[in-house]
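Some notes on the structure that comes next.
These numbers come from the heavy atoms of this one structure, side chains and all, not from hydrogens, waters or symmetry mates. Each chain gets a letter, A, B and so on, in the order the sequences are listed, and its residues count up from 1.
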Amino acid sequence: MTANGWFQIFFFFALVLVCAKPLGLYMARVFEHQRTRADVIFRPIERLIYRMTGVDETHEMAWTEYAVVMLLFSLVTMLATYAIERLQHLLPLNPQHLAAVAPDLALNTAASFTTNTNWQSYVPETTMSYLTQMLTLAYHNFFSAAAGMALAVALIRGIARRESKTLGNFWVDTTRASLWVLLPGCLIYSLLLISQGVVQNLRPYDQAKLVQSQTTTATGADGKTVTQTLTTQSIAQGPVASQEAIKMLGTNGGGFFNANSAHPFENPTPLSNLMQMFSIFVIPAGLTVTLGRMTRAPKHGWAVFAAMATLFLVGVFVAYYAEAQSNPLLHSVDQRASLTQAGGNMEGKEVRFGVANSALFATVTTDASCGAVNSTHDSFMPLGGLVPMVNIMLGEVIFGGVGAGLYGMLIFVVLAVFIAGLMVGRTPEYLGKKIESYDVKMAMLYVLIFPLSILGFSAVALMMPNLGLSSLANAGPHGLSEILYAYTSATGNNGSAFAGLNANTHWYNLSLTAAMLIGRFLMIVPMLAIAGSLAKKKLVPPSLGTFPVHTPLFTVLLVGVVVIVGALTFFPALSLGPILEHLMMHAGKSF
Amino acid sequence: MWDLGCIGASVLFFLIAISYTIGCDRLGIKEKQG
């Protein structure tokens with residue numbers, strides 16, 4: 001580890017900290033329908049949208065209506081995405097004449113982008129036309145993120161309102177999140193990315209003449225080996241900057257190119273890398289301030305921020321420490337940091353980012369439900385690879401996805417308050433609302449669905465040599481990590497891949513589709529049920545038995561609940577994967 | 001055939017999710033009455 005590396009990590013965090021408050025207060029004004037400077041531009045557009053779609057913006061929804069509307073909206077947009085993928089060969093903006101996407105892959109991709117996961121079992125530049133990328137995938141990048149913000153705001157309203165049967169209006173919340181927050185943010189951000197060299201065009205791919213011809217061998221579908229001499233290289237182009245902006249700001253993570261944020265056209269410079277990491281965290285961090293403002297408990301918002309920041313800093317320390325170490329199996333190689341090399345484990349990392357910014361990016365992208373990558377997680381040291389996996393397993397509540405991170409953390413807050421109530425023998429209260437048996441049952445439903453999907457699907461994949469194991473590139477604990485990571489990423493709606501696993505098979509496309517849908521929608525429903533239940537409750541005046549939710553003690557308890565729930569559930573699987581691999585690496589064996 | 005299966009499975013999942021929503025709501029009503 002170097003001082004320069006730590007400076008860059010703390011500079012990034014300071015940037016997030018400084019911007020969280022103004023953005024959070026702005027978002028609170030947007031969702032409380034208070035005046036903002038942007039109203040001049042967006043209010044007429046908003047009114048036009050409601051007039052065209054027949055939405056009554058004064059209509060308030062009960063939690064069940066909010067949930068059903070969100071589910072139906074997701075179903076319709078998911079099916080539309082599927083249809084466009086299947087018909088892309090007949091549609092315009094396909095200069096490479098790409099074929100229709102295979103049905104299982106089209107379903108996987110439609111579910112992936114609808115759920116804000118952006119898991120990609122395909123190579124984008126050779127599979128998806130410009131129209132598919134711009135019309136369906138970018139559309140989902142906006143609206144899945146906006147839906148996440150709307151859902152978080154619905155939960156905040158549930159906490160803030162008294163004796164109310166409603167949580168707001170899903171259409172209005174989604175529209176305002178898109179117009180007031182995501183759209184202006186992406187417009188500015190796209191231009192900044194273009195200034196750094198991110199491409200933005202609709203041209204066919206460039207053909208570059210190679211200085212030296214290359215001879216390659218490939219095995220065709222008929223099993224015959226063909227030797228080819230290549231004299232030109234195809235360089236993919238496209239409307240990358242505009243996609244990249246919402247990919248990061250909406251914590252989506254699906255790359256325009258297969259190499260994602262390691263590709264020089266997606267993430268060309270250290271400054272663009274900083275902007276990308278910042279844009280992943282800034283809205284989720286701001287939402288903690290929004291929570292404080294809308295519940296009239298700003299200190300509580302900061303206590304939640306502190307819990308998230310603590311978990312983030314521990315994660316980034318472990319990841320950076322692990323990656324800065326030399327690999328003990330490479331005895332004869334100089335792996336020390338010096339003026340001429342970054343040192344440490346540089347396998348799978350871009351030289352322009354180095355170890356610190358690769359470890360930081362991996363931590364940030366998995367703390368949030370982003371899933372963009374600027375390095376290969378599969379090539380991390382075992383403990384370095386453990387960090388992204390654990391981050392997702394904790395429920396991606398460390399700032400988390402846009403909206404999803406906050407509502408996930410608030411479920412843990414309900415559990416923390418409940419546990420604190422049990423400790424002191426009083427009825428648990430959260431910001432003046434009594435936490436009762438129904439709230440805890442729904443919170444436990446939310447918490448249990450997550451490991452059930454991850455561990456259940458992983459177990460089935462591991463039991464089936466022809467379906468689950470045949471896609472693996474590595475044996476032993478590393479192979480287990482690859483399968484476990486895939487289902488963790490899908491259920492957690494993260495979308496990053498550990499690599500080393502060919503997921504474009506019928507089994508993985510279909511089982512990962514199920515994991516993504518379960519991880520998004522079957523967790524949102526109990527969360528909204530808690531919001532609806534809290535909204536109906538009366539406010540109880542604070543008493544001596546009330547557990548304050550703005551103190552350092554609360555932050556420590558919240559961190560403890562998040563870690564214990566995550567660690568207890570997944571520790572056995574992790575001990576057979578990355579932890580065992582770490583121990584065996586020091587015993588001289590690699591996988 | 002694949003297309004029908006994919007569309008059918010998607011619709012089925014969301015129908016299950018809506019039923020699950022109704023189930024969670026009914027549990028809440030039941031708890032209140034009990």
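- Of the listed residues (A/Asp104, A/Leu71, A/Ile518), the greatest number of heavy-atom pairs within a distance under 4.5 Å of chain B belongs to A/Leu71.
- Proximity to chain B (any heavy atom under 4.5 Å) is shown, for A/Tyr438, by both the backbone and the side chain.
- Of the two parts of A/Leu107, only the side chain, counted from C-beta on, holds a non-hydrogen atom closer than 4.5 Å to a non-hydrogen atom of chain B.
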*asked:* Between A/Thr64 and B/Ile22, is the side-chain contact (heavy atoms from CB on, under 4.5 Å) condition met? List the steps.
replied: CA-CA 7 Å; A/Thr64 43; B/Ile22 296 165; over 6 Å; no
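- Interface residue A/Ser74: backbone and side-chain heavy atoms are both found under 4.5 Å from chain B.
- Within the model, atoms CG of B/Leu27 and NZ of A/Lys441 stand 5.5 Å from one another, a figure rounded to the nearest 0.5 Å.
- Both the backbone and the side chain of A/Leu522 come within less than 4.5 Å of a heavy atom of chain B.
- If you measure heavy-atom distances from B/Lys32 to chain A, the contacts under 4.5 Å come from the side chain alone.
- Contact between A/Pro103 and B/Asp3 at its shortest, heavy atoms only, is CB-OD1, 4.0 Å.
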*Yes or no on side-chain contact (heavy atoms from CB on, under 4.5 Å) for B/Asp25 and A/Trp63, after CA distance, side-chain angles and deciding distance?*
CA-CA 9 Å; B/Asp25 188 41; A/Trp63 83 264; 3.6 Å; yes
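- Side chains of B/Phe14 and A/Leu72 form no contact here, defined as non-hydrogen atoms less than 4.5 Å apart.
- Counting heavy atoms from C-beta on, the side chains of B/Phe13 and A/Leu75 never come closer than 4.5 Å.
- Residue A/Leu445 touches chain B through its side chain alone, counting heavy-atom pairs closer than 4.5 Å.
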*Show your working on side-chain contact (heavy atoms from CB on, under 4.5 Å) between A/Leu528 and B/Thr21 and close with a plain yes or no.*
CA-CA 9 Å; A/Leu528 280 175; B/Thr21 307; over 6 Å; no
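- Residues B/Tyr20 and A/Phe521 keep their aromatic ring centres 6.0 Å or farther apart.
- Within the 4.5 Å cutoff, side-chain heavy atoms of A/His506 are placed close to those of B/Trp2.
- Between atom SG of residue B/Cys6 and atom CE of residue A/Met78 there is a gap of 8.5 Å, rounded to the nearest 0.5 Å.
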